[in-house]
Peer 1: 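Below are the structure tokens for one structure; questions will follow.
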Amino acid sequence: MAAVSMTAGLKMVGDRASGVSGAAAAIAGMSWDSNTVAFVNTHTACATGGASPDFRGQALDSTPTSGAAATPHVVTHIATLDTGFDTKVVKRIALHNTASPTDSGTTLMFGVDGFSITKASTFTMPTTFKLSYS
Amino acid sequence: MANVSHPVGAHIVEASSTLIPNPGVTTEQMLKDAALTGYQELIFNDDGSVTVVWHKEQ
């Protein structure tokens, strides 16, 4: 399993921190897809290595929160996969700098791959991503 | 003159999903439906939900 920080995600962090003109929007969305392609840090979209059979992109449930500690400074992002993905298989999750992620949109910031879960109608599934800035 | 900065990086420390069974659904049935593979850890919570840890920094 890989847990990958994309180059685009790190660039966004730097640009946002220093207020660079034209800095990309903050992390605002999450995606779940059925793609078996492993993430690598040069990917800019979930579909970079090939389109996903099934894809769901949503806004985060709420504004991300962080702990008091400065080193490492951990920020928590939560989104709940809706029923539109019921009966489909999730094989990757990712964070995006848009509230409306799409498979081909160049908004990919961070991703985890290499697992499998069938989203059934018998349960809900909030998903949590914790990022460390340290 | 001091020229001080701290190296900064960003990385994923944890990624997880909490499976919350709908009313009338048992934890066992939920896990059977989910057909999980590739997880790092399963945490059985007191309320019947199960937290599936996909990635956790060791």
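Residue numbers begin at 1 in each chain, while the letters A, B, ... track the order of the sequences.
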Peer 1: A side-chain contact here means heavy atoms from C-beta on lying under 4.5 Å apart; do A:Phe123 and B:Leu19 qualify?
Peer 2: yes
Peer 1: Say whether B:Phe44 and B:Met30 are linked into one hydrophobic cluster, either directly or through other cluster members, by side-chain heavy-atom distances under 4.5 angstrom.
Peer 2: yes
Peer 1: Could you tell me whether the side chain of B:Asp33 and the main chain of A:Lys119 form a donor-acceptor pair under 3.5 Å?
Peer 2: no
Peer 1: Identify which part of A:Leu131 has an atom lying under 4.5 Å from any heavy atom of chain B, answering side chain, backbone, both or neither.
Peer 2: both
Peer 1: In the structure I gave you, are the side-chain heavy atoms of B:Thr18 and A:Thr128 within less than 4.5 Å of one another anywhere?
Peer 2: no
Peer 1: How far apart are the closest heavy atoms of B:Ser17 and A:Met125, and which atoms are they?
Peer 2: OG-CE, 3.6 Å
Peer 1: Closest approach of A:Ser5 and B:Ala10, non-hydrogen atoms and distance?
Peer 2: OG-O, 3.1 Å
Peer 1: Indicate, with yes or no, if A:Leu81 and A:Leu108 share a hydrophobic cluster defined by side-chain heavy-atom contacts under 4.5 Å among Ile, Leu, Val, Met, Phe, Trp and Tyr.
Peer 2: no
Peer 1: Pick one: which of A:Leu95, A:Val112, A:Val4 meets side-chain contact (heavy atoms from CB on, under 4.5 Å) with B:Ile12?
Peer 2: A:Val112
Peer 1: Does any non-hydrogen side-chain atom of B:Tyr39 lie less than 4.5 Å from one of A:Ile117?
Peer 2: no
Peer 1: Locate the shortest heavy-atom distance separating A:Ser121 from B:Asn22; write the atom from each residue and the value.
Peer 2: O-ND2, 2.7 Å
Peer 1: For the interface with chain A, which of B:Ala15, B:Ala34, B:Ser49, B:Gly38 has the highest count of heavy-atom pairs at distances below 4.5 Å?
Peer 2: B:Ala34
Peer 1: Can you tell me how far apart OG (A:Ser132) and NE2 (B:His11) are? Round to the nearest 0.5 Å.
Peer 2: 4.0 Å
Peer 1: Grouping I, L, V, M, F, W and Y whenever their side-chain heavy atoms are under 4.5 Å apart, do B:Trp54 and A:Val75 come out in a common cluster?
Peer 2: yes
Peer 1: Do the side chains of A:Trp32 and B:Val50 join up, straight or via other hydrophobic residues, at under 4.5 Å, putting them in one cluster?
Peer 2: yes
Peer 1: Is a donor on one side and an acceptor on the other found under 3.5 Å between the side chain of A:Ser116 and the backbone of B:Thr37?
Peer 2: no
Peer 1: Is it possible for you to say whether B:Leu31 and A:Val89 belong to one hydrophobic cluster, with membership spreading through side-chain heavy-atom contacts below 4.5 Å?
Peer 2: no
Peer 1: Given a strict heavy-atom distance threshold of 4.5 Å, which part of A:Ile93 is in contact with chain B: side chain, backbone, both, or neither?
Peer 2: side chain
